[in-house]
Amino acid sequence: MMGKWRQYKELTKPRVVALLVFCAVIGMFLAVPGLPPLRALVFGSLGIWLASASAAAFNHLIDQRIDRIMQRTARRPLATGQLQPRQVWIFALILGLASMLVLCLWVNRLTALLTLCSLIGYAVIYTAYLKRATPQNIVIGGLAGAAPPVLGWTAVTGSLHPFALQLCLIIFVWTPPHFWALAIYRRDDYARAGIPMLPVTHGLAYTRWLVLIYTLLLVFVTMLPVLTGMSGLVYFAGALILGLGFLYYAVRLLNPPDEVFAMRMFKYSIIYLMALFAFLLIDHWTLPGSHAALLFRPDAT
Ligand code: HEM
Ligand SMILES: CC(C)=CCC/C(C)=C/CC/C(C)=C/COP(=O)(O)OP(=O)(O)O
């Protein structure tokens, strides 16, 4: 029984989804001064979590054949036969429907619609089509994974705001170095499964240069919140230090010290995004004018 529970949990890609929901929650906090309304916070997070978990389960279903071929994914519940496709279908559908119900009933329809687009974008457009069709798969597909801060923002305000799109852009540009670092290390896996990931189709040297270009672009787009006045000095300092760290990895990757260096960069990419979004929140709360700042310094008007 415990084993089955673990298998279902595995289907939801819990650690990836945790970071997605974290980014969505930061989007909620940045959307308003002070604290966001509790209802949007709780049901928005729940709805986005359910949709992301559903998308991840659909990904397992659609990818079961290639997951069986790749070493990294061969122990997944469908690949090993510990779960049957019918069980995964039902699980993914229930999560997806529950997500739409929660978002429509207790959040708002715009968030429900955008979340549904992200779910379809990842599960159908990326997994079923792009992943097998072009080495630009993860660049385009990255848009679904970049949506959470926007979903969090609309959950709280009911409308789209250019500030939210900046956050989406950050994750969108972060995705290629995040994934290609891993794909460099796992290129044999992808080659064997016949998936046209960039290191397979264009080689390692080309991929490393693109990683560097996207990382430079990332350092630039992470400065947009400062340039547009959404965030202040605390975020600027954090983003700069984190960005310089990422750049160090990207430059070093051109001439890596060892075989596993790309994997070290991949791990850094996750800490990077988590810390960057944490800085956005800390900055938001220390920015003069936000309610929290007023709480800490009642004399500031
Ligand atoms: C199309 C976009 C993306 C692709 C292709 C991608 C690919 C991957 C892959 C293949 C792994 C598995 C690594 C392993 O098994 O060792 C992974 C791990 C991870 N990804 Fe992504 N990713 C994408 C977007 C995102 C986004 C948007 C987030 C969060 C905001 C994210 C967060 C993570 C985290 C936290 C892990 C570590 C999971 C763990 O420790 O098991 N990824 N990613
Ligand atoms: C509603 C919403 C916000 C949806 C977003 C869905 C989501 C789970 C995005 C994460 C991206 C991700 C883990 C891609 C890896 O897929 P892969 O198939 O390339 O990797 P794999 O080989 O590890 O399965």
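In what follows, residues are counted from 1 in the order of the sequence shown. The figures that follow rest on heavy atoms only: side chains count, while hydrogens, waters and symmetry mates do not. A quick note: this is a predicted structure, and the numbers were derived from the prediction, not measured.
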J.: Do the rings of Y126 and Y122 sit parallel, tilted or perpendicular, given the 30° and 60° boundaries?
T.: parallel
J.: If two hydrophobic side chains count as joined below 4.5 Å and joins carry through other members, does L50 share a cluster with L97?
T.: no
J.: Under 3.5 Å, sequence neighbours excluded: what are the donor-acceptor pairs made by side chains of residues 204-221?
T.:
| from | atom 1 | to | atom 2 | distance (Å) |
| --- | --- | --- | --- | --- |
| T207 | OG1 | G203 | O | 2.7 |
| R208 | NE | L253 | O | 3.1 |
| T215 | OG1 | V211 | O | 2.6 |

J.: Applying the 4.5 Å side-chain criterion to the ILVMFWY set and letting contacts propagate, would F43 and W49 be lumped into a single cluster?
T.: yes
J.: Distance check, rounded to the nearest 0.5 Å: F236 atom CZ versus D283 atom CG?
T.: 11.5 Å
J.: Do Q82 and T80 pair up side chain to side chain, a donor and an acceptor below 3.5 Å, judged on atom types alone?
T.: yes
J.: Does T228 reach the main-chain N or O of L224 with its side chain, forming a donor-acceptor pair under 3.5 Å?
T.: yes
J.: Considering non-hydrogen atoms only, spot the tightest contact between G34 and H284 and give its length.
T.: N-NE2, 4.5 Å
J.: Would you find a donor on one side and an acceptor on the other, under 3.5 Å apart, between the side chain of S54 and the backbone of A92?
T.: yes
J.: What I'd like to find out is whether the side chain of P135 reaches to under 4.5 Å of the side chain of M197, using heavy atoms alone.
T.: no
J.: Checking L101 now: which residues fulfil side-chain contact (heavy atoms from CB on, under 4.5 Å) with it, not counting sequence neighbours?
T.: L105
J.: Quick one: CZ on R264 to NZ on K267, what's the gap to the nearest 0.5 Å?
T.: 9.5 Å
J.: Do the side chains of D63 and R132 get close enough for a salt bridge, i.e. N-O under 4.0 angstrom?
T.: yes
J.: Taking side-chain contact (heavy atoms from CB on, under 4.5 Å) as the test, write out the residues that go with T73, two or more places apart.
T.: D67, M70, R76
J.: Looking at every non-hydrogen atom in both residues, tell me the closest pair between Y235 and V226 and how far apart they are.
T.: CD2-CG2, 3.6 Å
J.: Test of understanding: clusters of I, L, V, M, F, W, Y form through side-chain heavy atoms closer than 4.5 Å, transitively. Do L227 and I241 belong to the same one?
T.: no
J.: Could you grab the distance from atom CG of L130 to atom CD1 of I140, nearest 0.5 Å is fine?
T.: 5.0 Å
J.: I'd like to know if F163 and M223 are part of one continuous hydrophobic network [Ile/Leu/Val/Met/Phe/Trp/Tyr, side-chain heavy atoms within less than 4.5 Å].
T.: yes
J.: According to salt bridge (Lys or Arg N to Asp or Glu O under 4.0 Å), who are the partners of D189, at least two apart in sequence or on a separate chain?
T.: R192
J.: Report the distance from atom CG of L11 to atom CZ of R6, rounding to the nearest 0.5 Å.
T.: 12.5 Å
J.: If we count only N and O atoms by modelled type, under 3.5 Å, do the side chains of N108 and T111 hold a donor and an acceptor together?
T.: yes
J.: Which atom pairs, donor and acceptor, lie under 3.5 Å between side-chain atoms of residues 269-281 and protein residues at least two apart or in another chain?
T.:
| from | atom 1 | to | atom 2 | distance (Å) |
| --- | --- | --- | --- | --- |
| S269 | OG | H178 | ND1 | 2.9 |
| S269 | OG | F266 | O | 2.5 |

J.: If we only count heavy atoms from C-beta on, is the T115 to L119 side-chain gap below 4.5 Å?
T.: no
J.: Hey, what do you get for CG (L103) to CD1 (I48), rounding to the nearest 0.5 Å?
T.: 6.5 Å
J.: What is the minimum heavy-atom distance between A155 and M28, and which atoms define it?
T.: CB-CE, 4.5 Å
J.: Going by the rule salt bridge (Lys or Arg N to Asp or Glu O under 4.0 Å), which residues pair with R252 if we only count those two or more places apart in sequence or in a different chain?
T.: none
J.: Please find out if less than 6.0 Å separates the ring center of F261 from that of Y185.
T.: no
J.: Measure the CD1-NZ distance between I62 and K131 for me, rounded to the nearest 0.5 Å.
T.: 9.5 Å
J.: Taking all atoms of both residues into account, what is the closest heavy-atom pair of Q166 and P225, and its distance?
T.: OE1-CA, 3.3 Å
